[in-house]
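Notes follow the structure.
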Amino acid sequence: MSQDGPTPLERFINGILPENPVYRQILGMCPTLAVTNSMEGALTMAGAVAFVLICSNVLISLIRGLLKPHLRILVFTLTIATFVTIADRVLAAYMYEMSKQLGPYVPLIIVNCIIICRCEVCASKQGLRAALTDAVGQALGFTLGLASIATVREILGSGTWFGRWLGWRVIPEAAPQHWSPWVVMVLPPGAFITLGLLMGAVNWFAARKAK
Amino acid sequence: MDAATQKPENVASAPVAVAPAIHIAPAPHLFGGVLTTRRMMVDVLLALVPVLVASLWMFRLYTVLQLAICMVSALVAETVFTKMRGRRPTLGDGSAVVTGAILAFSLPATAPWYVGFIGAFVAIGLGKIVFGGLGQNIFNPAMVGRAFVLIAFPVAMGASAYVAPTAGLDGLTQATPLTALKMLGQSTGLLPLFLGTTNGSLGETSALACLIGGLYLCARRTASWEIPAAAILAVAAISGLLGVLGPRTGWTLFHDLSGGAFLFGAFYIATDPVSSPLTPKGKWMFGAGFGALVMLIRRMSGYPEGVMFAVLIMNALVPLINRWAIPTPVGGPVPVKKTA
Amino acid sequence: MIATVPGKQGSGRFARGVHPPERKGFAAEAPIEVLPNPPQVAIPLLQHTGAPCEPLVKVKDEVALGQKIGEGKGFITAPVHASVAGTVAMPSVTTLPNGRHVRTIPIKTGPTQLSAEELKANLFGGDWPVSGLDSQAPEQIAQAAREAGLVGLGGAAFPTHVKLTRNEKRPVDTVLLNGCECEPYLTSDYRLMIEFPRPIITGALLAARATGAAQIIIAVEDNKPAAVEALRRAADGTGVEVRVMETRYPMGGERQVIPAALDREVPTGGLPLDVGVVVINVGTAAALAAAVLRGRALTHRVVSVTGAGIAQPKNLLVPVGVSYRGLIDFCGGLKPDAARVIAGGPMMGFALNDLNVTVTKGTSGIVVLTHEDLKQIEETTCVRCGRCVDVCPLHLVPTRLALASRYQDWDMARRYHLMACCECGCCAYVCPAAIPLVQLMRMGKAQLPNE
Amino acid sequence: MKNSYIGQAWLVVVLSLCFGAALAAVQTTLQPRIEQNKLADTIGQIPKLVPGAAGGELQRVGDQVAYRAMDASGQQVGWVLAAAGQGFADRIELLIGMDAAAARITGLYVLDQKETPGLGNKIVDDAFCAKFQGRATEPVLVVTKHAPQADREIEGITGATISSESVVGIVNAAVAKFREAPKP
């Protein structure tokens, strides 16, 4: 089933920047917009996605020889749903605070297009090594995307970075006439604006580099 | 003269040399020329003078400070962003100054410096430049900036921002008329509302000043009179109707018209040509929708005032309105040619 | 069907339009002078809307003044005639102001010519009957117009006999003489109306006889009271009515003057005929009288040479085929600050890059503008101010049409009725951003039918 | 066999069984811990809401959810009442701490809210919740715009009148109902 294409290493690197799921493929927008108002939420979500992505990619790659074309999406969904449920339960058991904060967005990983996309284009056609490196690369790329947005939003919106876990305050607290955190950054509009501006910046740099 | 003398090489020696540089261009060769884009912007600034006077009288130095912050920030933002896009700076057309001024007049007097600063950058950057610069923006840039800072800094921009107990001016220690009405059920007198001796955003308090400047804008045809006219009619109609259905003590349709930022919005903000419809019919629809939304938000939402959101919502509807309001040409539509 | 009640009067106005500076003063008081015959004229074989002519003469033929030298095939065409007596030279090709390349027949002026006084008297002077015209058969009038090569002298140069031919299905009840001359600067019609109102009235009566119209109206803008006065005096007792129109550009357009004078709306894509009206320029009417009653072919016309860039602005009676340079030289030449020479009026005329082009039947004027007049501003982006919408006499949305043309969005062009545009130039005249709206729309109109 | 449904779908069936089993295992293993987390979230608040309390146990009173607050020796020292109601933006969920007679409020905790950040969400701040401490449950509390002059007055949050009034309203309603209800 092997075919010409990127080597596993290239797949790994591709996932991080050249084909970054958030900035280049514009996939997985729901968590990107919903849970990036703090680093903690972003990283927990990225971790959960990474877990599901890696596990399903590996499993699909292992059973790729048995897949029937018209049933493959069903099998993908079944697999993903299982791992998502496991991730959700584990979070509820061991990271109750984060689980409460992320709310429905962990179960919603099931419909995250990154995972089904990787299953479809990579895992169901490639060997175990390729599928694994691809999943890890994509997961890292997704983490990078979420973390970059969360960094901007948390610093501007709350003045902190990893405020809940590490308590780092980036912008010192000041009297309201001198400075105030931007509440809009904590709210959904902040996610849209930040994503748009960062995506614009990424494209701008890409265009400059291409010149 | 024979045919030979008509050849071009003899032209120079002809008695009437074509010494004048004759150049060609498409018709029309005359240009109305009175009104340029720049001149329109200057008109808006001139029309803001009465508002400025009223604001200076009411808020003194707060006005100067807020205007300076917003206008300078808007100019800096325009320079920075046009440079980033590799375009020629367009400071000369005056649109950035106007955006800065409108933003400043829509802020509370005591709003901290960073509100105007960030508001101006968002207005120019997200409100205008990302759409492709002047003429391309969907939303009124100043209102985009204001919406951003309202959501970003609710404490510095919300109802509480207008009441500044520490301020050195008497006016600033009272709630704005609309907040007083909404939260406390207190009505403000018509004369203070009309003259502007109440608290509020810098430019909105004096209905009189807005009327003077607004009528100047309409007379100059820089602003389309249809929009404020339709807006005033809509507010008067809805407020009058609500007044008949369930009167509020001491609050009439005249209070609704002169209170809050309605007149300022109707004359200076809703009439922004870029983000309003093109045809007279469209302008009527736009103005009426604006007025209706202002009343809806004032009466039905958690916000005491709805001018900003009304403008932004109507801006979003403009492409649709333009489509609805395509005029029929004189003589009817172009007949559809039957294909041979 | 639009109501065609005879006698119903319009308000003398139309909605929107613009008020460009009139600037008629340069040549308004200059009486019509006869241009001395140039050493050579070049008669283009296509001076009208329709099929071009084929030459009827050979090189070195001797031709007389008014001799037919070119004839076209088909209904919508008009023959051309020698405008001087002389010898035919080698045919060549010339470029008309509108950019069209056409074949021309050059004629070297011979020694025997009519004097200026004879010419003027022949064309316009003397007695013009206003009664007894019933003896002329309608078909003969139309036929005479065709033989004389009569075309609309207002600018579009549509063959006149087409308008004068009766059509049973579309009866005509009104002949509307267009004496509005709404373009700034131009005064040729004005001078003709003042100096020679009688042939105009007679021409109007002949046109009514040809078409069977019961009503004859002359529309004149209210900035020409002297013309109204002269026409009214000449029309006294003839049943021809002079109606005064508001001075507003483009009142001279058919789609504006018909509603203004008669309160009838010409359907888009249709003709004045659809509402029972035939519109004829006042100059055309005078030429019709000369053609029918005196057998004069259309060989001369009145041209205003005017503007701040010309030394001595004049109204000239000139032979068709003379070069622009000949006219300009006769008027003392260009002033040093002349910046643009325009064939026609400044709102719709064409700028020339070569003064050696020839005057045709449709040339109503030569306007020379100075740098001062042209103070143009740089094109900036559209701020959607809607000024163009406020002035469009056809109630279109020019900014959208120009945008659609620029980006070749033909769906949008259709939605906003691009083909209804008459290119009057009001929109570009007022545009604060100096966007070449007319040029863009003209481009779009050229391309749209092919999409 | 090849074209039958089972032949087509055996992989799905097998996978479903495997995944089902795996999920059952995960659920059985983790469920007690998750339940405990949930309970701890509320019970953990009890010592903060009722002075002297060390823990508590669930006690339904009518259709209201309440917790008996106990001190270290197992003696009841108060009540914690769960209450909810409409706020400015969405539902507000509260825990109200009271003394054993439900005569005085001893503490307030906001479990869940989605009020406007920067304005309405200040109801979660200690500064606001502390204003309820020690207030009598009768007469009902009212929101004022100035510093409180009477025991029943609670100063609202500037710019968030509706959120403040919502919280006070929820407290008033829940406490009144709880006082009426017969306690087991």
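Just so it is clear, the structure is predicted and the values come from calculations on it, not from any experiment. Within every chain, numbering begins at 1; the chains are lettered A, B, ... in the order of the sequence lines, protein sequences first and strands thereafter.
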Working to the nearest 0.5 Å, report the span between CG of D:Leu95 and CD1 of D:Ile46.
->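 CD1 of D:Ile46 is found 8.0 Å from CG of D:Leu95.
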Measure the CD1-CG distance between A:Ile109 and A:Asp88 for me, rounded to the nearest 0.5 Å.
->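 Between atom CD1 of A:Ile109 and atom CG of A:Asp88 there are 8.5 Å.
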Heavy-atom contact with chain D under 4.5 Å, split by part of [X]:
X: A:Val90; answer: both
X: A:Leu74; answer: side chain
X: A:Ser180; answer: neither

Passes side chain to side chain contact (heavy atoms under 4.5 Å, CB included), A:Cys30 versus A:Tyr105? Steps please.
-> CA-CA 8 Å; A:Cys30 167; A:Tyr105 295 106; 3.8 Å; yes
Any residue of residues 145-165 of chain A which, by heavy atoms, sits under 4.5 Å from chain D = none
Would you find more than 12 non-hydrogen atoms of other residues, nucleotides or ligands less than 6.0 Å from [X] atom [atom1]?
X: D:Glu35; atom1: CD; result: yes
X: D:Lys38; atom1: NZ; result: no
X: D:Gln86; atom1: CD; result: yes

Interface residues of residues 17-33 of chain D facing chain A - non-hydrogen atoms under 4.5 Å apart =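 Those residues of residues 17-33 of chain D which have a heavy atom under 4.5 Å from chain A are D:Phe19, D:Leu23, D:Val26, D:Gln27, D:Leu30, D:Gln31, D:Arg33.
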Between D:Ser164 and D:Ile157, is there a donor-acceptor pair closer than 3.5 Å when you use the side chain of the first and the backbone of the second?
->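 Between the backbone of D:Ile157 and the side chain of D:Ser164 there is a qualifying donor-acceptor contact (under 3.5 Å).
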Could you tell me whether the side chain of A:Gln25 and the main chain of A:Glu19 form a donor-acceptor pair under 3.5 Å?
-> yes
May I have the list of side-chain donor-acceptor pairs in residues 128-144 of chain D shorter than 3.5 Å, sequence neighbours left out?
| unit_1 | atom_1 | unit_2 | atom_2 | d |
| --- | --- | --- | --- | --- |
| D:Lys131 | NZ | D:Glu155 | O | 3.2 |
| D:Arg135 | NE | D:Lys131 | O | 3.2 |
| D:Arg135 | NH1 | D:Asp151 | O | 2.8 |
| D:Arg135 | NH1 | D:Glu153 | O | 2.5 |
| D:Arg135 | NH2 | D:Lys131 | O | 3.3 |
| D:Arg135 | NH2 | D:Glu153 | O | 3.3 |
| D:Thr137 | OG1 | D:Ala102 | O | 3.1 |
| D:Thr137 | OG1 | D:Ala103 | O | 3.0 |
| D:Thr137 | OG1 | D:Arg179 | NH1 | 3.0 |
| D:Thr144 | OG1 | D:His146 | O | 3.0 |

What residue, out of A:Thr79, A:Ile86, A:Thr85, has the most heavy-atom pairs lying under 4.5 Å from chain D?
-> A:Thr79
Can you tell which of A:Leu78, A:Val75, A:Leu66 has the highest number of heavy-atom pairs within less than 4.5 Å of chain D?
->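 Looking at each of A:Leu78, A:Val75, A:Leu66 in turn, A:Leu78 comes out on top.
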Is there side-chain contact between A:Val22 and A:Phe142, with heavy atoms separated by less than 4.5 Å?
->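 A:Val22 reaches A:Phe142 side chain to side chain.
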If we only count heavy atoms from C-beta on, is the D:Leu11 to A:Leu71 side-chain gap below 4.5 Å?
-> no
Who pairs with D:Lys48 by salt bridge (charged side-chain N to carboxylate O under 4.0 Å, His left out), at least two apart in sequence or on another chain?
->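 Checked D:Lys48 against salt bridge (charged side-chain N to carboxylate O under 4.0 Å, His left out); zero matches.
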